[in-house]
Amino acid sequence: MEQSIESYIKNLVRDVIGQSIGGLQLQSDRQTYVIANWKMNKNLNETAEFFQKINSSPDVSVVICPPAQLLYPSHLMIKQSGKPIGLGGQNVHWADKGAYTGETSAAMLTDVGCEYVIIGHSERRQYSFEDDELVNKKVLHAIKFGLTPIICIGETLGQKNAMQTEQVLYKQLCGALKDIDSSHFILAYEPVWAIGTGQSATTELAQETHAYIRSVLKQILGQRSENISILYGGSANESNAAEYSAMPDIDGVLVGGASLDAKVFDAIINVFAKGEQNS
Ligand code: PGA
C-alpha cells in the first residue's frame, strides 16, 4: 500500500540518520509536528468544514486524529484537498485480529489511511485503566504494522506536588518502550493537570521536563534518541504556541481543545512553521 511504503522509507531514513556512519555522527534532524487530538468531538459535516478551512505547511508535519468513525471520511477529504496532512487514530488494540468487540487493530487503521496512532493518552489511562504494560503492547503492535505511535506520558497534579514527576515519567517511558528496537515513534509530554484545564505548563517547566525525557530516551536508545520528536500537550493554543516553539527540546504540540477550530489550529501551525523557517 502506497502509504506504508512512504512511512517505511520515512522510518528508514530516520533510523539511518540516528546511526553513526563510518564513525561520523550525523546531526539530528527532528521533525516538527502539530497534531490535533479531536477526542470524542465532531460529526461528518463539521469534519468536512474543518478540512475545507485548514491549511498545511511544508515546514511542519500536520496530523489530525479524529474519532474512529471519522477516520475514513477524513482520509478521503484529505486526499481530495491535496494538502499534505497526516491522519492518526486515537487508540489501537494490541492484537492482530479476533474476538475483541469494539476494538480496532493497527491493520484496520492503516487500511483507512492512518499513519499515526495516539497511545497511552491520560484519558485512556484514567477512564479505561490502561497501564504501562498495555501501552507497551499497543506500541509494539502499532510499530509492527508500520504506524507511528504518538506515545503520551505525564504526571498528575498529585504526583507533581509530591515532586514525583521525573520518577513517574521514567517509569512510563521504560514501560512504554520495553523491547523497542525502533525509533519510529513520537513522544508527547502531557502533564495531566494541564490537559483541558487552561493551566498550560510554563515554557521553562516544559523545556526542563522535555530535556529530562530526552536524557532518559538517550539511556534507552542511545544516539537514535536525538531524532525522536518530543511534543508538548496540555492547553496548548495559539497564544502560547510561540513560546513553546522557541524551546530547543519542544518539537511541536499535541493539541486537544484548540484543534477543534480550524482557524485556531491554523494559527498554531503557522507559529511552528515560522519557528522552523527562522531556525
Ligand atoms: P488540551 O488536550 O489541548 O485540550 O489540553 C490535549 C490532549 O489531551 O491531547
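Both ligands and their constituent atoms are indexed starting at 1 by order of listing. Values in this document were obtained by computation on a predicted structure and should not be read as measured data.
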Tell me whether the count of non-hydrogen atoms from other residues, nucleotides or ligands lying under 6.0 Å of CD in Q69 goes above 12.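 Enclosed: over 12 neighbouring heavy atoms sit under 6.0 Å from CD of Q69.
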Identity and separation of the nearest protein heavy atom to atom 3 (O) of ligand 1: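 Here the nearest protein heavy atom works out to G256 N, 2.8 Å.
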For D179 and L140, work out which heavy atoms get closest and say how close.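 Reported closest heavy-atom pair: O-CD2, 3.9 Å.
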Give the minimum heavy-atom separation between A206 and Y232, together with the two atoms involved.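 Result for this residue pair: CB-CD1, 4.1 Å.
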Taking only heavy atoms of [X], which atoms of ligand 1 are found under 4.0 Å from at least one of them?
{"X": "L254", "answer": "9 (O)"}
{"X": "G257", "answer": "1 (P), 3 (O), 4 (O)"}
{"X": "E190", "answer": "6 (C), 7 (C), 8 (O), 9 (O)"}
{"X": "G234", "answer": "5 (O)"}
{"X": "H121", "answer": "7 (C), 8 (O), 9 (O)"}
{"X": "G196", "answer": "1 (P), 4 (O), 5 (O)"}

Any chance you could measure L221, atom CG, to L177, atom CG, to the nearest 0.5 Å?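 Nearest 0.5 Å value for the CG-CG distance: 6.5 Å.
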Would you please indicate if the ring centroids of Y100 and W94 are separated by under 6.0 Å?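 Between Y100 and W94, the centre distance is under 6.0 Å.
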What about A258: any of its N or O atoms under 3.5 Å from an N or O on ligand 1?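 Among all N and O atoms of A258, none is under 3.5 Å from an N or O of ligand 1.
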Below 3.5 Å, N or O to N or O, backbone or side chain included: is there any such pair between S235 and ligand 1?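 S235 vs ligand 1: N/O contact under 3.5 Å present.
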Examine the side chains of S61 and Q31 and answer whether a donor and an acceptor come within less than 3.5 Å of each other.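 Yes, a side-chain donor-acceptor pair sits under 3.5 Å.
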Who gets closest to atom 2 (O) of ligand 1 by heavy atom: Q199, K39, E123, Q90?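 Ranked by closest heavy atom to atom 2 (O) of ligand 1, first place is K39.
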Is there a side chain to side chain donor-acceptor pair (under 3.5 Å) between Y189 and Q172? Walk through the geometry before answering. CA-CA 11 Å; Y189 169 56; Q172 289 178 338; over 6 Å; no
Per-residue contact class, N37 against ligand 1 - non-hydrogen pairs under 4.0 Å: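 Under 4.0 Å from ligand 1, N37 contributes side-chain atoms alone.
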Derivation and outcome, salt bridge (charged side-chain N to carboxylate O under 4.0 Å, His left out), residues E130 and R124: CA-CA 6 Å; E130 295 194 358; R124 293 211 58 88; 2.7 Å; yes
